[in-house]
2 protein chains.
Amino acid sequence: SQIFEHISPADFFYRNRDIAGFSNPSRAIYSAIRELVENSLDAAESIGVPPDIFIRLTRIKESGRGVSVYELRVQDNGTGVPSQHIPSAFGQVLFGSKYRLKQSRGTFGLGGTMAILYGQITTHHPAHIISSTGDSRIYEYRLSIDIRRNRPIILQRKSLDNDHKWRGTIVEFRLEGDYFRAMPKVLEYLKQTAVVNPYANITFIDPRGRLYMFTRATTSMPPPPKETKPHPYGVDVEMMQRLIQSTDARDMLTFMVETFHRVGKSIAKNFLKFAGISPKRDPKKLRPDEVVHLVQKMKTFDEFLPPDASCLSPLGEELLKAGIIKEYQPEFIAAIQRKPSTYSGHPFIVEAAIAYGGNIPRKGDIVLFRFANRIPLLYDEASDVSWKIIKSINWRRYKATPDMPIAIAVHVCSTKIPYKTVGKEFIADRPEVSREILFAIRYVARKLQKFLTRVEYKQKELRR
Amino acid sequence: SQIFEHISPADFFYRNRDIAGFSNPSRAIYSAIRELVENSLDAAESIGVPPDIFIRLTRIKESGRGVSVYELRVQDNGTGVPSQHIPSAFGQVLFGSKYRLKQSRGTFGLGGTMAILYGQITTHHPAHIISSTGDSRIYEYRLSIDIRRNRPIILQRKSLDNDHKWRGTIVEFRLEGDYFRAMPKVLEYLKQTAVVNPYANITFIDPRGRLYMFTRATTSMPPPPKETKPHPYGVDVEMMQRLIQSTDARDMLTFMVETFHRVGKSIAKNFLKFAGISPKRDPKKLRPDEVVHLVQKMKTFDEFLPPDASCLSPLGEELLKAGIIKEYQPEFIAAIQRKPSTYSGHPFIVEAAIAYGGNIPRKGDIVLFRFANRIPLLYDEASDVSWKIIKSINWRRYKATPDMPIAIAVHVCSTKIPYKTVGKEFIADRPEVSREILFAIRYVARKLQKFLTRVEYKQKELRR
Ligand SMILES: Nc1ncnc2c1ncn2[C@@H]1O[C@H](COP(=O)(O)OP(=O)(O)OP(=O)(O)O)[C@@H](O)[C@H]1O
Ligand SMILES: Nc1ncnc2c1ncn2[C@@H]1O[C@H](COP(=O)(O)OP(=O)(O)OP(=O)(O)O)[C@@H](O)[C@H]1O
Ligand SMILES: [Mg+2]
Ligand SMILES: [Mg+2]
């Protein structure tokens with residue numbers, strides 16, 4: 001007969017590690033490296049410091065059939081983790097500092113912990129964390145994860161003098177994997193990461209002792225993303241109830257102005273009139289059906305201002321083109337940064353670039369580069385919303401044919417990227433986001449069309 | 001400065017509902033229907049009863065832009081849910097009866113709850129559950145979900161007389177969606193579900209009042225899947241520690257025999273000798289490094305017997321061919337059921353069929369049907385391991401060209417399907433599983449090759 005049980009989130013991701021991007025030994029190496037590098041980039045950027053990241057992957061011993069036990073060590077000059085939070089940050093799933101409404105690479109609260117968990121189940125070796133927030137102490141932990149209870153087990157804890165006021169984090173742990181199969185993707189990831197984060201220094205020493213240095217091209221950092229308020233468009237009933245629960249506002253007018261992004265008094269007044277709710281009502285006294293009504297009206301009121309781009313950190317057209325130019329020296333390149341838009345309360349910006357010719361390979365299909373919050377997405381291209389949009393476009397309208405050497409780059413930045421997978425492989429088909437990607441690609445496709453028309457014209461001229 | 005928080009699993013899937021298959025209004029309708037239908041199929045099969053499933057989707061009101069509020073009602077004649085578990089079964093994420101080592105459609109403990117959660121955040125309407133296990137009472141609940149605490153809120157609970165000894169479950173809730181966009185996929189899902197579960201009656205009334213009846217072709221049920229012990233090959237350190245923790249065995253020989261699938265005394269003796277561990281040792285007294293050593297030796301010991309097929313419930317070659325035959329009347333069809341294999345302790349069986357000609361469309365690509373534990377997988381084909389394998393095969397070797405009308409069906413059954421996504425869209429690239437799929441497809445491809453060779457020969461004969 002049936003046995004009903006509940007399991008912890010760590011147990012869920014342990015049992016379903018394919019879902020977190022740890023399906024096989026080569027994928028595990030890729031996922032572990034990218035999760036730690038993304039944590040380090042977030043950590044340095046959050047204090048406006050150009051990131052210095054050192055990655056070392058050492059082979060400890062062979063396990064057979066291409067698989068070995070490796071030790072991965074990633075060091076950064078970021079914020080560091082406060083001592084009391086180190087065990088949970090690395091030993092508990094669904095714990096972190098990125099649950100705010102702010103653009104960052106991390107979003108789920110489980111990437112770093114998942115990598116350590118995978119290391120633990122394949123090698124049983126505890127994780128070694130050293131960190132300081134730049135104060136007078138450096139903290140050193142050896143941890144393992146109690147997977148069934150989703151909590152860290154502190155095996156050792158030391159506190160050391162921090163005479164040099166070092167600030168940063170070192171994460172070191174062992175895992176079983178297949179680096180040599182993962183290598184092309186790992187190197188491609190680091191290379192593309194360096195391109196869209198040109199202010200970062202990334203150093204990688206691979207198991208054969210080879211040194212890869214991606215030296216920063218600039219020390220100037222883009223304006224950092226800022227925490228923002230939810231945009232009223234697309235807020236759902238649950239979000240609305242939480243906002244009502246946590247507000248100090250005593251009336252609906254103040255609630256609308258204080259709670260939402262770019263809602264001033266006059267817009268708030270007009271909206272409340274449109275929704276038929278008195279501005280004097282106490283938000284906490286709205287009935288459930290009134291809350292539903294308010295949420296539905298928020299979707300159809302068209303006077304809300306679009307989101308302000310300043311809370312986000314897009315690449316900018318120059319940086320988006322830079323990677324393609326460096327790689328392919330195309331004959332033609334065009335880029336666009338769309339105005340900010342919003343889905344489910346989250347502001348986002350789509351940027352796209354298209355390039356033709358040069359050394360772009362002719363592979364019978366457009367070469368697509370995808371980025372989200374400055375992270376390169378290298379897997380499952382065919383499931384990504386950008387790919388589907390490219391496939392849905394009739395390229396002949398733009399004088400482009402499948403045998404032409406064409407490359408497209410798409411970057412989406414947002415307070416929350418709608419990833420379809422926990423492994424952050426590709427972006428889901430959210431209507432507002434796919435619409436923006438479609439418009440961005442059509443815009444640059446029209447620029448390509450003008451170029452191809454001029455080329456065609458010149459060729460005709462030459463033949464005469 | 002940084003704010004560290006933890007979130008509940010319900011909050012995680014609320015914030016990341018794209019991950020659970022609820023990205024957009026049409027996808028939400030599809031996901032809600034399939035999650036409830038799969039629960040109903042599991043519930044009836046678990047007591048060996050031919051499933052009778054009634055699905056009704058009613059439009060309540062329009063919300064604008066193609067999106068409406070619908071009411072979804074799914075009724076079955078399955079086991080029913082014991083009264084004390086109804087709130088958690090439907091109102092708590094990561095709770096369920098399918099965490100055992102047994103083949104079933106459900107595996108994560110969140111599908112039904114996720115559908116209800118999505119309904120709640122889009123309509124704020126509580127869920128209505130009626131269920132009885134066939135005893136003297138029927139229980140009726142109205143529930144909502146406390147998302148931040150991942151627990152059910154019981155709004156109403158009634159207990160009614162069950163004079164007719166009814167047994168089953170009715171789940172009724174409202175959600176916002178776009179049925180007309182979802183319709184082709186919903187109907188395809190129900191049709192393919194009926195094909196691979198020919199003993200099930202499925203009735204669907206759509207929002208326009210149209211009745212779709214998929215009447216059972218037989219009342220004979222396949223032998224039900226059985227709960228089994230983990231297979232020793234591919235067990236990891238965490239699993240090993242849990243098995244050691246929960247065993248009653250006082251010595252390693254008894255532990256090996258009682259814990260693992262198809263390990264008898266002589267195999268256990270040989271393995272322990274191979275691993276250099278005395279059969280008399282107390283499992284609970286093994287040192288951590290000895291546990292790691294044992295796990296590694298389990299991967300390389302080649303005398304373990306392959307899994308027994310009897311714990312699994314494959315379709316069988318006839319049933320796998322039946323759907324293709326009915327749909328396309330092909331000129332040629334061949335199928336294979338591979339012997340059981342195992343990954344990470346989970347036994348699995350791969351079945352494949354290939355068909356040529358008849359009404360199979362020539363779409364420049366092979367038509368692929370994918371199934372896992374008798375569930376049709378209709379999304380993200382290009383990310384699925386079966387698709388990748390088909391793409392990696394050099395079909396010219398088998399005399400097949402891309403313009404030929406070829407269809408392939410692949411079914412994987414296992415105590416755990418390695419889904420890549422929580423929405424169960426496609427299967428991850430697990431080495432042991434992809435190997436089996438590759439061999440199965442090659443086998444039927446060789447049969448196709450023989451057929452195409454005969455066809456080619458006959459055509460040459462005719463020309464003379
Ligand atoms: N190198 C680091 N420097 C500073 N803080 C870190 C570092 N690595 C992890 N953290 C902290 O630990 C938390 C948990 O990290 P983890 O990677 O598990 O989740 P996340 O980054 O929040 O989200 P995601 O799962 O999307 O990566 C982070 O939110 C951050 O606060
Ligand atoms: N129609 C039903 N009849 C009987 N039991 C049911 C029914 N629907 C749900 N349940 C019970 O509720 C539990 C939770 O269902 P839910 O769909 O959330 O998770 P699951 O089916 O276990 O896994 P998955 O997330 O993969 O679907 C099930 O394990 C089952 O015990
Ligand atoms: Mg992270
Ligand atoms: Mg289910």
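The model shown is predicted, which means the values in this text are computed figures rather than measured ones. All heavy atoms count here, side chains included; hydrogens, waters and symmetry mates do not.
Proximity to chain A is limited to the backbone of B:Thr123, based on heavy atoms less than 4.5 angstrom apart. Contact of A:Val292 with chain B is made through the side chain alone, with heavy-atom distances under 4.5 Å. Residue contact with chain B, scored on non-hydrogen atoms closer than 4.5 Å, involves the backbone and the side chain of A:Arg242 alike. For a residue to count as touching a neighbouring chain, one of its non-hydrogen atoms must lie under 4.5 Å from one of that chain's; by this rule A:Tyr118 does not touch chain B. Residue A:Arg27 touches chain B through its side chain alone, counting heavy-atom pairs closer than 4.5 Å. Neither the backbone nor the side chain of A:Glu432 comes within contact range of chain B; no heavy atoms are under 4.5 Å apart. When heavy atoms are compared at a cutoff of 4.5 Å, A:Gln92 approaches chain B solely by way of its side chain, counted from C-beta outward. Residue contact with chain B, scored on non-hydrogen atoms closer than 4.5 Å, is absent for A:Met240. In this structure, chain B has a heavy atom under 4.5 Å from the side chain of A:Ser344, while its backbone stays farther away. Of the atoms belonging to B:Ile47, not a single heavy atom falls under 4.5 Å from chain A. There is no contact between A:Glu227 and chain B, counting heavy-atom distances below 4.5 Å.
Using a 4.0 Å cut-off between charged side-chain N and carboxylate O, B:Glu290 and B:Lys297 make no salt bridge. Comment: A:Asp236 does not engage A:Lys299 in a salt bridge, judged by the lack of any side-chain N to carboxylate O separation of less than 4.0 angstrom. Salt bridge status for B:Arg430 with A:Asp18: present, with a side-chain N to carboxylate O gap under 4.0 Å. B:Asp384 and B:Lys388 are not joined by a salt bridge, as no carboxylate oxygen comes within less than 4.0 angstrom of a charged side-chain nitrogen. Using a 4.0 Å cut-off between charged nitrogen and carboxylate oxygen, B:Lys98 and A:Glu5 do not count as a salt-bridge pair.
A 4.5 Å side-chain heavy-atom check between A:Ile121 and A:Ile147 finds at least one atom pair inside the cut-off. Using a 4.5 Å cut-off on side-chain heavy atoms (C-beta onward), A:Arg148 and A:Asp146 make contact. Side-chain contact between B:Leu286 and B:Ile244: present, with at least one pair of heavy atoms (C-beta onward) separated by less than 4.5 Å. Using a 4.5 Å heavy-atom threshold, the side chains of A:Phe4 and B:Gln84 count as separate. B:Ile427 is not listed as a side-chain neighbour of B:Trp387, based on a closest heavy-atom distance of 4.5 Å or more.
When each of A:Glu238, A:Gln2, A:Arg65, A:His125 is checked for heavy-atom pairs under 4.5 Å with chain B, A:Glu238 comes out on top. Of the listed residues (A:Pro418, A:Ser88, A:Ser63, A:Gly21), the one with the most heavy-atom contacts under 4.5 Å to chain B is A:Pro418. Ranking A:Gln241, A:His6, A:Glu425 against chain B, the residue ahead of the rest is A:His6, based on heavy-atom pairs under 4.5 Å. Of all the listed residues (B:Pro288, B:Ser383, B:Ala428), the one sharing the greatest number of non-hydrogen pairs under 4.5 Å with chain A is B:Ser383. Of the residues considered (A:Thr421, A:Ile7, A:Asn24, A:Asp380), A:Ile7 shows the highest number of contacts with chain B, using heavy-atom pairs under 4.5 Å. Of the listed residues B:Leu117, B:Val291, B:Leu94, the one with more heavy-atom pairs under 4.5 angstrom with chain A than any other is B:Leu94. For the set B:Gln120, B:Lys416, B:Glu176, the entry with the most heavy-atom pairs within less than 4.5 Å of chain A is B:Lys416. Contact count versus chain B (heavy atoms, under 4.5 Å) is highest, among A:Phe426, A:Tyr14, A:Tyr343, for A:Tyr14. Contacts with chain A were tallied for B:Asp11, B:Val295, B:Leu110, B:Thr122; B:Asp11 has the most, counting heavy-atom pairs under 4.5 Å. Top candidate by heavy-atom pairs under 4.5 Å with chain B, chosen from A:Gln296, A:Arg17, A:Glu381, is A:Arg17. With respect to chain A, the highest number of heavy-atom pairs below 4.5 Å among B:Val93, B:Val422, B:Thr300, B:Asp289 belongs to B:Val422. Of the listed residues (B:Phe108, B:Tyr419, B:Tyr379), the greatest number of heavy-atom pairs within a distance under 4.5 Å of chain A belongs to B:Phe108.
Contact between A:Ala89 and A:Val81 at its shortest, heavy atoms only, is CB-CG1, 4.2 Å.
Remark: the backbone N or O of A:Gly119 is not paired with any side-chain donor or acceptor of A:Arg174 at under 3.5 angstrom.
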Practice task
Given side chain to side chain donor-acceptor pair (under 3.5 Å), test A:Ser414 with A:His346 step by step and report yes or no.
Solution key: CA-CA 7 Å; A:Ser414 177; A:His346 292 287; 5.1 Å; no
Handout entry: side-chain contact (heavy atoms from CB on, under 4.5 Å) between A:Ser144 and A:Leu155, worked out
Key = CA-CA 7 Å; A:Ser144 71; A:Leu155 302 168; 4.2 Å; yes
